[in-house]
Amino acid sequence: ASVMCRATSARGLIPQHVRGMARPPTGRCRVIFSADLNVLVRCRVERLLPASCAELLVGDDPLDIELALVADGVVVASARSSQTMFETLPEDGPFRQQHFAFAVKVRDLPLESSFVVRLRPQGGSRKVHQGVLPLFNRHATLRQGDHLLALQEVDGEVESLPSNWRRHTNEDVLQASTHELREALRLMQARGFLDRGCLPAASTGFKDCERHFASQAEETLAAAGIPWLRIHLPVHPHPVVFAES
């Protein structure tokens with residue numbers, strides 16, 4: 001089910017970095033309440049970027065991926081890849097994409113819900129890398145589409161429920177990062193909005209600019225030396241706003 005609502009601005013649905021790129025028309029916007037979304041919680045893990053970090057992380061042992069769904073501070077479901085996702089010493093980062101689906105429906109998710117992702121070497125000889133992706137953003141809107149999730153090395157024993165399960169790992173990484181890295185990540189996010197049709201296409205003669213800026217952003221992310229995991233979340237026809245069922 002979806003709801004029609006009057007809106008003079010889409011500021012609550014469009015991230016700050018996108019607002020200046022396209023002025024939303026005054027009129028109506030259509031949203032879906034999460035309580036009406038009767039679909040399973042799913043995601044697809046696609047790539048580990050950049051290739052240089054992928055080679056360093058993998059080393060001599062293949063990596064497995066673990067994914068936990070945390071809701072209100074409780075691990076309600078978890079899964080581990082059924083096959084080796086990251087081959088030893090990948091060239092240009094070739095992986096086997098992994099699809100995860102949980103026996104939990106979006107309508108039953110509380111506002112504080114997160115994916116906790118871990119990359120774990122099969123041999124167990126090296127440290128685990130971990131990232132946290134909250135399913136709802138600060139505007140209580142369900143995340144959709146492609147996301148780059150920063151991975152951090154976990155020191156000591158790995159807990160099933162990390163203390164920072166509410167906080168997006170990217171926020172921790174970007175706090176200590178450069179302005180260039182923050183802008184690069186914003187450009188990549190904006191490119192995702194463009195690919196999904198949420199932003200108007202560039203005018204004739206400017207289409208190469210999109211590829212140029214995306215290429216520059218990728219180079220900046222690679223130079224930062226931080227491993228990023230590309231995760232794809234289901235895309236719905238409209239923004240999904242949290243509502244209790």
Side-chain angles (χ1 to χ4, degrees), residues 34-35 37-49 53-54 57-59 61-87 90 95-137 140-173 226-236 240 242 244-245:
S34 64
L37 208 51
N38 191 29
V39 296
L40 294 178
V41 176
R42 309 188 313 273
C43 79
R44 182 176 72 237
V45 179
E46 295 186 339
R47 299 182 63 79
L48 182 62
L49 301 171
C53 283
L57 254 66
V58 175
D61 293 321
L63 288 177
D64 280 341
I65 183 167
E66 296 177 352
L67 187 66
L69 174 60
V70 181
D72 281 343
V74 177
V75 179
V76 296
S78 62
R80 187 166 183 168
S81 58
S82 58
Q83 59 180 337
T84 300
M85 180 178 180
F86 302 106
E87 295 291 353
F95 320 118
R96 296 185 180 96
Q97 295 183 359
Q98 295 290 296
H99 296 258
F100 292 90
F102 297 96
V104 178
K105 294 187 176 180
V106 174
R107 69 183 184 189
D108 298 322
L109 288 177
L111 182 58
E112 290 190 335
S113 300
S114 300
F115 280 143
V116 178
V117 186
R118 296 187 180 97
L119 297 186
R120 189 185 298 274
Q122 288 186 346
S125 57
R126 288 177 291 113
K127 292 185 177 181
V128 174
H129 285 75
Q130 178 176 277
V132 177
L133 178 64
L135 298 186
F136 292 92
N137 64 19
T141 303
L142 187 69
R143 300 183 193 273
Q144 303 184 40
D146 291 333
H147 294 268
L148 287 178
L149 178 63
L151 299 177
Q152 296 178 309
E153 192 174 273
V154 179
D155 294 324
E157 185 177 353
V158 179
E159 300 177 352
S160 58
L161 179 64
S163 58
N164 61 342
W165 64 269
R166 296 182 182 89
R167 184 173 174 84
H168 201 310
T169 308
N170 289 9
E171 295 180 8
D172 292 332
V173 170
I226 300 171
W228 302 88
L229 198 64
R230 186 188 299 278
I231 298 177
H232 180 81
L233 302 177
V235 175
H236 305 282
V240 178
F242 174 77
E244 293 184 347
S245 57

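Along the sequence shown, residues carry numbers from 1. Values reported hereafter were calculated over all heavy atoms of this structure, with side chains retained and with hydrogens, waters and symmetry mates removed. Here the structure is a predicted model, which means the values were calculated and not measured.
Taking the side chain as every heavy atom from C-beta outward, Val76 and Phe102 never approach each other to under 4.5 Å. The closest side-chain heavy-atom distance from Val39 to Pro234 is not below 4.5 Å. No side-chain heavy atom of Leu133 sits under 4.5 Å from any side-chain heavy atom of Thr169. Looking at heavy atoms from C-beta onward, Gln130 lies in side-chain contact with Val116 at the 4.5 angstrom threshold. The closest side-chain heavy-atom distance from Ser114 to Arg167 is not below 4.5 Å. The shortest distance between side-chain heavy atoms of Arg118 and Ser78 does not fall below 4.5 Å. The side-chain heavy atoms of Gln144 and Val235, taken from C-beta on, include a pair separated by under 4.5 Å. Phe115 is listed as a side-chain neighbour of Leu69, based on a closest heavy-atom distance under 4.5 Å.
Across all non-hydrogen atoms, the minimal contact from Leu151 to Gly131 is CD2-N, 3.8 Å. Summarising the geometry of Leu233 relative to Arg42, their closest heavy-atom pair is CD2-O, 4.2 Å, with the distance given to 0.1 Å. Closest non-hydrogen pair, Gly73 versus Leu161, comes out as O-CD2, 3.0 Å.
Atoms CG and CG, on Leu37 and Leu109 in that order, are 9.5 Å from each other to the nearest 0.5 Å. Atom CG of Asn170 is separated from atom CD1 of Ile226 by 9.0 Å, given to the nearest 0.5 angstrom. The NE2 atom of His236 sits 5.5 Å away from atom CG of Leu142, with the distance rounded to the nearest 0.5 Å. With values rounded to the nearest 0.5 angstrom, Arg44 atom CZ is found 11.5 Å from Ile231 atom CD1. Interatomic distance, Trp228 CH2 to His147 NE2, rounded to the nearest 0.5 Å: 13.5 Å.
Within a 6.0 Å radius of CD in Glu244, no more than 12 heavy atoms belonging to other residues, nucleotides or ligands are found.
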### Task
Take Glu46 and Asp146 through the test side chain to side chain contact (heavy atoms under 4.5 Å, CB included) and record every step on the way to the result.
CA-CA 9 Å; Glu46 295 186 339; Asp146 291 333; 4.1 Å; yes
### Query
Are Val41 and Val106 close enough, and set up right, to give a side chain to side chain contact (heavy atoms under 4.5 Å, CB included), and what steps lead you there?
CA-CA 6 Å; Val41 176; Val106 174; 4.3 Å; yes
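Residues meeting the side-chain hydrogen bond (donor to acceptor under 3.5 Å, both in side chains) test with Arg230, sequence neighbours left out: none. Take Phe136 and apply the ring-ring contact (aromatic ring centres under 6.0 Å, His included) test, not counting sequence neighbours, and it matches Phe242.
Sequence neighbours left out, the pairs with a member in residues 97-117 that pass salt bridge (Lys or Arg N to Asp or Glu O under 4.0 Å) are Glu112-Arg166.
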